[in-house]
Amino acid sequence: MVEVNFKKIESKWQKKWEEEKIFEAKEDSKKEKYYVLEMFAYPSGTGIHIGHAFNYTMGDISSRFKLMQGFNVLHPTGFDSLGLPAENAAIKDGSHPEEYTNKAIKNFIKQQKGLGLTYDWQRMVNTADPGYYKWDQWIFLKMLEKGLAYQKEAVVNWCPSCKTVLANEQAQSGKCERCDTKVEIKSLKQWFLKITDYADELLRDHKKLNWPEKTIAMQKNWIGKSHGIEIDFEIAPNKLPAEGDKSWPIFTTRPDTLFGVTFMVVSAQHLRLNELVTEEQEKEVAKFLKKLKSVSEKDLGDLEKEGVFTGSYAINPATNKEIPIYAGNFVVADYGSGMVMAVPAHDQRDFEFAKKYKLEIKQVIKGDVAKDRAYTNSGKLMNSESFNGMENQEAKEKITEWLKEKRKAKKVINYKLRDWGISRQRYWGTPIPIVYCDSCGVVPVHEKDLPIKLPKNVKFGKGNPLEGNEKWIKTKCPKCKKEARRETDTMDTFVNSSWYFLRYCDPQNNREIFDKKKAKYWMPVDLYIGGAEHACMHLIYSRFYTKFLADLGVINFREPAPRLFHQGMINDEKGEKMSKSKGNVVEPLETMEKYGVDTTRYFLISVASPDKGFNWSEKGIQGSARFIKKIFEIFENIKIGKDTLGMAVRINQSIKNIGEQIENLQFRKSSIELRELFDMIADEGEVSKETLESSLKLLNPFCPHITEELWAGLGNEGFISVAEWPTVDKSMLKDNSTEKDLNSKIIAQIKPILEKFQDKKKAYVYVMPFEKEKVDPAAISEAIEKEVEVWATNEKEKVDPENKAKKARPGMPGIYLE
RNA sequence: GAGGGAAUGUCGGAGUGGUCAAACGAGUUAGGUUUAGGACCUAAUGGCUAUUGCCUACGGGGGUUCGAAUCCUCCUUCCCUCACCA
């Protein structure tokens with residue numbers, strides 16, 4: 001029985017790796033680079049959880065593999081330190097967010113090092129470091145310069161008791177998460193980044209990305225491009241309050257239903273709503289708005305459609321009829337113009353609204369308008385004057401043309417994507433480098449005065465701690481040098497994570513955001529690994545930032561990470577989400593303590609496909625522990641000598657397979673391949689030293705510590721971690737033997753089919769393109785006594801002109817009889 | 001409502017036109033080893049049969065094909081994301 005002291009082995013090799021600095025990356029233009037990145041973490045006080053370990057292990061395996069293959073690998077890490085939890089902890093127990101964060105980071109680093117990760121610690125980045133967020137501020141100033149950062153009024157969830165703005169998820173069910181006070185909607189002046197300027201390119205460049213389909217679909221949805229037209233609706237003058245506008249543009253994708261517009265609905269949240277409200281209706285509208293306030297944004301979806309008459313009328317440009325304008329709870333204020341033309345006969349929402357308020361329902365497309373449903377399909381027009389009888393698809397065009405002639409409409413493209421509001425009324429974020437001056441107005445801070453550091457002495461309690469800090473707020477105007485006040489809002493933390501991958505290229509640089517040459521060498525990220533939950537936030541923002549920085553000329557590429565991989569979720573044994581409150585959290589530290597780091601790593605990647613996730617299994621990890629132990633036993637008992645032919649084939653097959661599998665992140669398959677390989681070695685009893693060393697190398701990316709130990713045990717100097725990845729002896733591969741015999745294989749396959757179909761005269765044989773010359777049609781034809789035609793095909797293109805092509809695989813032809 | 005994904009033994013899951021369903025792990029049962037337990041080794045683990053074998057099975061129906069878990073189509077169930085986007 002072999003007794004192994006994993007703890008000792010692990011710390012021994014971790015120490016050596018660190019001493020010899022074998023994972024530090026240096027720019028070297030002669031070597032091909034490979035940049036592996038896992039999404040950096042928010043350093044929470046609870047340390048790394050099993051999902052982190054899963055994520056890091058995958059990146060680490062890829063990184064180690066590439067390193068052994070001879071690439072110049074960059075595998076950095078850092079901390080997304082700014083953010084709410086640190087601030088909340090500060091409010092709760094009086095510690096400073098910086099203290100909290102630094103303590104958490106220390107703990108994280110210890111745990112990450114414990115996992116044996118190949119991070120280059122020289123390049124660590126911490127977003128709470130002024131040396132980092134200085135460049136957040138710099139990018140902001142550049143955006144301001146280019147007109148991509150601007151201020152506007154926007155509504156926020158406001159807790160009157162905490163005197164603070166709440167994120168949507170903190171304001172669920174309309175109450176403040178912390179103090180249970182009713183949340184109010186408040187309008188504040190806030191900073192926005194014009195991501196919408198890049199909406200089209202963000203959409204277009206999806207085709208450049210090797211990303212999961214799902215993520216691309218989610219982003220497409222999120223950006224939500226839709227083509228339609230904008231129609232001007234005049235507001236009836238006689239009933240309008242004095243200051244109102246004369247017309248209001250409306251976005252629609254259904255101009256064909258214009259004759260069926262019988263009323264209008266403006267968003268109840270619209271900032272210009274009061275321009276439409278007449279004196280008589282003021283009270284009614286106010287009553288309605290008050291009622292709405294008590295509903296949080298989250299519940300809006302399930303809400304019954306409700307509204308109130310504003311007192312104003314619009315003129316339908318097609319019929320010239322006056323139609324009432326309602327304020328409604330179901331219209332989105334900042335999509336389109338915040339007002340919709342309602343076609344109750346052909347839109348379900350308008351239909352419900354019309355039923356409720358007894359408004360006219362005018363059918364303009366032939367079809368069944370039922371008692372409880374609008375008719376939303378296509379059909380021929382009716383009740384539409386000269387357009388009657390036209391197919392509605394055609395009418396869309398024709399009515400648009402007709403309106404265009406009257407200068408009442410234009411074609412427009414609308415996006416669901418909004419500009420990115422980055423103002424947060426919070427302390428623990430990047431200060432926005434803006435000064436308010438009584439004489440000069442809104443003035444940006446000079447670049448040379450960056451960074452604007454967060455003040456250390458602040459009081460936490462109610463409201464934004466920066467607002468109460470007069471000493472910090474008071475400053476000189478950069479323009480006129482008179483007394484002025486700082487912006488007290490800080491930036492959304494997603495700003496920090498939108499470009500951190502660039503900073504890793506040159507993390508210490510104090511003169512510029514990073515050295516252009518270094519960024520050019522390392523970027524873009526070759527493999528980016530992280531959770532799917534970032535599909536619509538971080539992954540869009542960082543694409544936006546990359547495109548902006550490219551336009552600024554500091555980088556020469558427009559996509560940060562052409563290849564993206566999402567790891568799955570790990571749940572508890574019952575399949576439930578792990579959470580502290582449920583008490584079902586699996587601590588990676590405990591597991592590593594109990595079974596060893598390499599066992600933990602091996603188990604994580606062996607139990608399921610990495611993109612699928614799995615349920616934790618204590619029995620399962622014990623199985624992995626047995627495997628690791630078995631390897632030590634093999635090395636204890638193995639005789640070093642010669643390989644059998646079978647062994648030689650096996651090891652070469654494994655080298656080939658595992659290389660391909662790591663490349664494609666199919667780690668689970670590798671774990672199986674490794675089991676089979678070591679099982680065979682154990683059965684053989686005697687193998688060559690070369691085979692033994694190769695199998696250790698194959699195992700090394702997964703289990704780096706024990707392989708170092710066993711590598712040294714075989715009498716090797718130096719680290720296996722930087723040893724060369726074994727090469728495949730192609731003559732020893734299994735496939736070769738089958739390839740040689742492709743002809744007889746085809747014959748063997750056709751024969752039984754022909755027995756069933758003796759009347760067929762001709763056989764089509766489909767093989768992979770590279771196999772075509774190995775096939776001898778004459779020989780096959782002779783053997784089966786039929787005419788034979790051979791086609792090259794592969795799974796993507798079907799080559800048969802008669803569309804009868806069948807798929808072929810290497811060594812497995814497709815056959816078609818005629 | 002829109003979009004995406006999934007359904008295979010007792011369980012987790014491989015397999016994505018033929019070689020070949022159930023690899024690999026876990027569980028269970030029997031035997032060996034052991035003072036006992038654990039660990040380890042061997043075998044069995046859809047049905048029938050003493051065995052060669054035969055049959056049944058990849059959520060359900062239909063289809064394409066000489067051949068379908070795999071491709072197409074409809075349906076059912078489940079998961080995820082966004083969601084009153086005009």
Side-chain angles (χ1 to χ4, degrees), chain A residues 1 212-222 224-226 228 250-255 257 261 264-265 267 298 300-305 328-343 346-350 352-353 376 414-418 532-533 535-536 566 568-569 573 575 603 606-609 611-627 629-630 633 666 668-676 679 738 745-746 748-750 752-757 759-760 763 766 795 798 803-804 806-809 811-818:
Chain A
M1 190 82 274
E213 280 299 319
K214 186 184 161 189
T215 309
I216 291 189
M218 272 162 80
Q219 288 203 350
K220 275 190 180 157
N221 238 286
W222 187 260
K225 185 177 184 173
S226 77
I250 298 299
F251 178 73
T252 182
T253 54
R254 293 294 304 273
T257 61
V261 177
M264 311 290 284
V265 188
S267 169
K298 197 80 185 169
L300 275 177
D302 319 316
L303 217 61
E304 197 189 336
K305 283 153 198 52
N329 63 353
F330 68 95
V331 179
V332 178
D334 48 3
Y335 182 75
S337 63
M339 194 197 281
V340 297
M341 57 178 228
V343 189
H346 306 291
D347 180 285
Q348 188 56 26
R349 292 156 303 184
D350 299 346
E352 283 167 31
F353 196 87
T376 52
N414 245 319
Y415 298 93
K416 286 187 203 173
L417 183 73
R418 322 286 167 79
E533 67 275 17
C536 290
H566 293 309
M569 288 269 286
E573 302 226 16
F603 174 65
S606 71
V607 69
S609 294
D611 56 329
K612 284 193 182 140
F614 57 95
N615 298 342
W616 185 258
S617 156
E618 201 62 28
K619 292 275 186 190
I621 193 166
Q622 284 166 14
S624 296
R626 278 200 288 274
F627 171 65
K629 228 168 156 187
K630 192 174 172 183
E633 260 156 46
Q666 298 167 317
R668 185 169 196 273
K669 286 189 184 172
S670 301
S671 77
I672 292 160
E673 184 83 35
L674 284 164
R675 273 183 192 270
E676 285 169 352
D679 276 351
T738 57
K745 193 160 186 175
I746 293 168
Q749 205 180 311
I750 299 183
I753 299 171
L754 274 177
E755 269 169 41
K756 272 199 281 179
F757 300 91
D759 53 323
K760 306 280 182 186
Y766 300 93
E795 288 180 41
K798 303 196 170 177
N803 230 352
K804 284 173 185 164
K806 298 292 173 277
K807 285 185 186 176
R809 283 204 325 241
M812 180 52 66
I815 285 161
Y816 183 81
L817 298 175
E818 207 175 61

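All chains are named by letter (A, B, ...) in the order of the sequence lines, taking the proteins before the strands, and each is independently numbered beginning at 1. None of the values given here were measured: they were computed from a predicted structure.
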J.: When we call it a touch if two heavy atoms are under 4.0 Å apart, what does A:N221 touch: a base, just sugar-phosphate, or nothing?
T.: sugar-phosphate

J.: Could you pull out the protein-nucleic contacts involving nucleotides 4-10 of chain B (nitrogen or oxygen on both sides, under 3.5 Å)?
T.:
none

J.: To the nearest angstrom, how far is A:R668 atom CZ from B:G25 atom C1'?
T.: 7 Å

J.: Determine the Euclidean distance between corresponding C1' atoms of B:A57 and B:G9; express it in Å to zero decimal places.
T.: 9 Å

J.: Would you call A:D350 and A:K305 a salt bridge, using N to O less than 4.0 angstrom?
T.: no

J.: Between B:G32 and B:G38, how far apart are the P atoms? Round to whole Å, please.
T.: 15 Å

J.: So if I take every side-chain heavy atom of A:T253 and compare against B:C84, B:G12, B:A86, which nucleotide ends up nearest?
T.: B:A86

J.: For atom P, what is the distance between B:U70 and B:A21, given to the nearest Å?
T.: 14 Å

J.: Name the pairing partner of B:C84, where a pair is Watson-Crick or G-U wobble with both distances under 3.5 Å, or state none.
T.: none

J.: What is the distance from CD of A:E352 to C1' of B:G1, rounded to the nearest Å?
T.: 11 Å

J.: Looking at the angle O4'-C1'-N9-C4 for a purine or O4'-C1'-N1-C2 for a pyrimidine, is B:G9 syn or anti, with syn meaning within 90° of 0?
T.: syn

J.: Can you name the nearest heavy-atom pair linking A:V265 to A:A342, along with the distance?
T.: CG2-CB, 4.4 Å

J.: Using 0.5 Å steps for rounding, measure from the CG atom of A:N615 to the CE atom of A:M569.
T.: 10.5 Å

J.: Across all strands shown, which nucleotide pairs with B:A43 by Watson-Crick or G-U wobble geometry, both distances under 3.5 Å?
T.: B:U29

J.: Is A:S609 touching bases, backbone alone, or none of the nucleic acid, heavy atoms closer than 4.0 Å?
T.: sugar-phosphate

J.: Looking at B:U81, B:C24, B:G12, which one has an atom nearest to any side-chain atom of A:E676?
T.: B:C24

J.: Of A:S617 and A:K669, whose nearest nucleotide on RNA chain B comes first from the 5' end?
T.: A:K669

J.: Which part of the nucleic acid, if any, lies within contact of A:V265, taking any heavy atom under 4.0 Å across all strands shown: a base, the sugar-phosphate backbone alone, or nothing?
T.: nothing

J.: Using a heavy-atom cut-off of 4.0 Å across all strands, would you classify A:G336 as base, sugar-phosphate, or nothing?
T.: nothing

J.: Between B:C84 atom P and A:F251 atom CZ, what is the distance in whole Å?
T.: 16 Å

J.: Under a 3.5 Å cut-off for both distances, is B:A50 Watson-Crick or wobble paired, and to whom?
T.: none

J.: Roughly how far apart are A:E213 CD and A:K220 NZ, rounded to 0.5 Å?
T.: 7.5 Å

J.: Looking only at side-chain atoms of A:V340, point me to the closest of B:A86, B:C41, B:C24.
T.: B:A86

J.: Write down the atom of A:M339, the atom of A:M264, and the distance for their closest heavy-atom approach.
T.: SD-CE, 3.8 Å

J.: In whole Å, I'd like the distance from the CZ atom of A:R675 to the P atom of B:G13.
T.: 16 Å

J.: Which base sits across from B:A14 as a Watson-Crick or G-U pair, both distances under 3.5 Å?
T.: none

J.: Watson-Crick or G-U wobble partner for B:C20, using a 3.5 Å limit on both distances?
T.: none

J.: What is the distance from atom CH2 of A:W616 to atom CZ of A:F603, rounded to the nearest 0.5 Å?
T.: 5.0 Å

J.: Say we look at B:G37 and B:G53: how far apart would their P atoms be, to the nearest angstrom?
T.: 39 Å

J.: Rounded to the nearest 0.5 Å, what separation is found between the OG atom of A:S226 and the CZ atom of A:F251?
T.: 3.5 Å

J.: Using a heavy-atom cut-off of under 4.0 Å over every strand shown, decide if A:T252 touches base, sugar-phosphate, or nothing.
T.: sugar-phosphate

J.: If we take the C1' atom in both B:U65 and B:U73, what is their distance in whole Å?
T.: 16 Å

J.: If I take atom CD in residue A:E533 and atom P in nucleotide B:C80, what distance separates them, rounded to the nearest angstrom?
T.: 14 Å

J.: Provide the distance between the two P atoms, one in B:A6 and one in B:G17, to the nearest whole Å.
T.: 14 Å

J.: Could you tell me how far B:U10 sits from B:G18 if I compare only their P atoms? Round to whole Å.
T.: 25 Å

J.: How close or far is atom C1' of B:C11 from atom CD of A:E573, stated in whole angstroms?
T.: 12 Å

J.: With both distances kept under 3.5 Å, what pairs with B:U35, Watson-Crick or G-U wobble?
T.: none

J.: For A:G228, does its backbone N or O pair with a side-chain atom of A:T253 as donor and acceptor, under 3.5 Å?
T.: no

J.: Counting any heavy atom closer than 4.0 Å, what does A:S226 reach on the DNA or RNA strands: base, sugar-phosphate only, or nothing?
T.: sugar-phosphate

J.: Suppose we define a pair by two distances each less than 3.5 Å, Watson-Crick or G-U wobble; what does B:A68 pair with here?
T.: none

J.: Send over the distance from A:H566 NE2 to B:U81 C1', rounded to a whole Å.
T.: 11 Å

J.: Taking atom P in both B:C72 and B:U16, compute the distance separating them and give it to the nearest angstrom.
T.: 16 Å

J.: Rounded off to whole Å, could you give me the CD1-to-C1' distance for the A:I621 and B:A26 pair?
T.: 13 Å

J.: In terms of the nearest nucleotide of RNA chain B, which residue is placed more toward the 5' end: A:D350 or A:W222?
T.: A:W222

J.: Taking the side chain as every heavy atom from C-beta outward, state whether A:H566 and A:T215 have any pair of such atoms under 4.5 Å apart.
T.: yes

J.: From A:S609 OG over to A:K669 NZ, what is the distance, rounded to the nearest 0.5 angstrom?
T.: 8.0 Å

